[in-house]
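Following: one structure in structure tokens, then a few remarks.
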Number of protein chains: 2
Amino acid sequence: MGATKTEHFTEKQNDIAILAKALGHPARIAIIDYLLKVDTCICGDIVNELPLAQPTISQHLKELKNAGLIKGTIEGTSVCYCIDEKVLEKFQNYFIKISNRLEKKKNNCCKL
Amino acid sequence: MGATKTEHFTEKQNDIAILAKALGHPARIAIIDYLLKVDTCICGDIVNELPLAQPTISQHLKELKNAGLIKGTIEGTSVCYCIDEKVLEKFQNYFIKISNRLEKKKNNCCKL
DNA sequence: TTATTATATTGCAATATTACGATAAATAAT
DNA sequence: ATTATTTATCGTAATATTGCAATATAATAA
């Protein structure tokens, strides 16, 4: 036990869950926020922005990278990270779908 | 160590992270999917739908409830769960903001 | 009252995540 | 070549999550 039973769910469900999970930590939201704030897509000064040690941030960046939410290109000694719009769009589309479905139902749910 | 350093991040960042985290498991995505599928927003047959034991599902429901994504109203012996649109909207708004920001940048990011 | 049914809670084992110091690897500067 | 700079990886401790059997709770039915 303890491990998620991934194989019992659909690919779509797992895909969305992986993206959501990657965003499920304030440090990683802060990283995304920072990447959006800085105009010239930024590299390693994220370490100076966040109140976490360098290895910890490196780990969070890796998780965002694994989920496909950001990409990193090496530039000399530093790495330039930026948001992958396509993957973020995919995630957004999921919520658009949900919204559409909820609108159809017109909130005729229970007694809320 | 081991625990998330919540206090170091903004309230907004924590809010979004909590919502994302709640959706960061395929079973919980499956629950949301099911609640959307069933017209008469349904209760405990989620247990029959998902390949998980009843206590496990109860726990996942609790997490969705804690995050504010769903609400449960007692109806006799059973409980009627449904999606809370407001909270979901809040989450969606975050992505709309991101999209807008990314559009401004026009993808002039690194060499991607 | 005594089942029955539906959901929640408890307790626990297995696994995953978070965080960081120490260290490695790789490039740039001297 | 040596030294700094930047990022990644390893190892490890603390904590959290996942999943379920057993049990509790609460409302209904007999």
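Residue numbers begin at 1 in each chain, while the letters A, B, ... track the order of the sequences.
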*How would nucleotides 21-30 of chain D be written as a contact map, 5' to 3', with B for base contact, S for sugar-phosphate-only contact and - for no contact, using protein heavy atoms under 4.0 Å?*
BB----BS--
*Phosphate-side-chain proximity, T56(A) and dT18(C), N/O vs OP1/OP2 below 4.0 Å*: no
*Using whole Å, report how far CG of L52(B) lies from P of dT17(D).*
17 Å
*Indicate the atoms forming the closest heavy-atom contact of L23(B) with F91(B), along with that distance.*
CD1-CE2, 3.6 Å
_Separation of atom CG in L23(B) from atom P in dT18(D), rounded to whole Å_ = 12 Å
_Quick check: is I74(B) connected to L35(B) through a chain of hydrophobic side chains (ILVMFWY, heavy atoms under 4.5 Å apart)?_
yes
*Gap between atoms CD1 and C1', on I46(A) and dT5(D) respectively (whole Å)*: 17 Å
*Using a heavy-atom distance cut-off of less than 4.0 Å, which residues of residues 62-70 of chain B contact DNA chain C?*
K62(B), K65(B)
*Flag the pair L88(B) / L69(B) as yes when at least one side-chain heavy-atom distance between them is below 4.5 Å, and no otherwise.*
yes
_Atom pair distance, as rounded to whole Å: CG in L61(B) and C1' in dT9(C)_ = 14 Å
*T77(A): what forms a side-chain contact (heavy atoms from CB on, under 4.5 Å) with it, not counting sequence neighbours?*
none
*asked:* Which nucleotide wins on minimum distance to the side chain of V79(A), given the candidates dT9(C), dA8(D), dG19(D)?
replied: dA8(D)
*asked:* Tell me the interatomic distance from K5(B), atom NZ, to dA19(C), atom C1', rounded to whole angstroms.
replied: 7 Å
*Is Y81(A) near enough to dT6(D) that one of its side-chain N or O atoms lies under 4.0 angstrom from OP1 or OP2?*
no
*Report yes or no: do I29(B) and I18(A) belong to one cluster of Ile/Leu/Val/Met/Phe/Trp/Tyr joined by side chain heavy-atom distances under 4.5 Å?*
no
*asked:* For the CG atom of D33(A) and the CD1 atom of I46(A), what is their distance to the nearest 0.5 Å?
replied: 11.5 Å
*asked:* Less than 4.0 angstrom between a side-chain N/O of K21(B) and OP1 or OP2 of dT17(C), yes or no?
replied: no
_Checking contacts here: which listed nucleotide (dG19(D), dT15(D), dA19(C)) is nearest the side-chain heavy atoms of Q59(A)?_
dA19(C)
*Would you classify S58(A) as touching base, sugar-phosphate or nothing, given that sugar-phosphate means primed atoms plus P, OP1 and OP2, and contacts are heavy atoms under 4.0 Å?*
base
*Can you check the H25(B) NE2 to dA16(C) C1' distance for me, whole Å?*
11 Å
*Using a heavy-atom cut-off of under 4.0 Å over every strand shown, decide if I57(A) touches base, sugar-phosphate, or nothing.*
nothing
Show me the donor-acceptor pairs within less than 3.5 Å that the side chains of residues 47-65 of chain A make with the rest of the protein, sequence neighbours left out.
| from | atom 1 | to | atom 2 | distance (Å) |
| --- | --- | --- | --- | --- |
| H60(A) | ND1 | R28(A) | NH1 | 2.8 |
| E63(A) | OE1 | R28(A) | NH1 | 3.2 |

_Residue-phosphate contact under 4.0 Å: H60(B) side-chain N/O, dG19(D) OP1/OP2_ = yes
*For Y94(A), what residues pass the ring pair (Phe, Tyr, Trp, His ring centres under 6.0 Å) criterion, not counting sequence neighbours?*
none
*Applying salt bridge (charged side-chain N to carboxylate O under 4.0 Å, His left out), name anything that partners D15(A), two or more places apart in sequence or on another chain.*
K90(A)
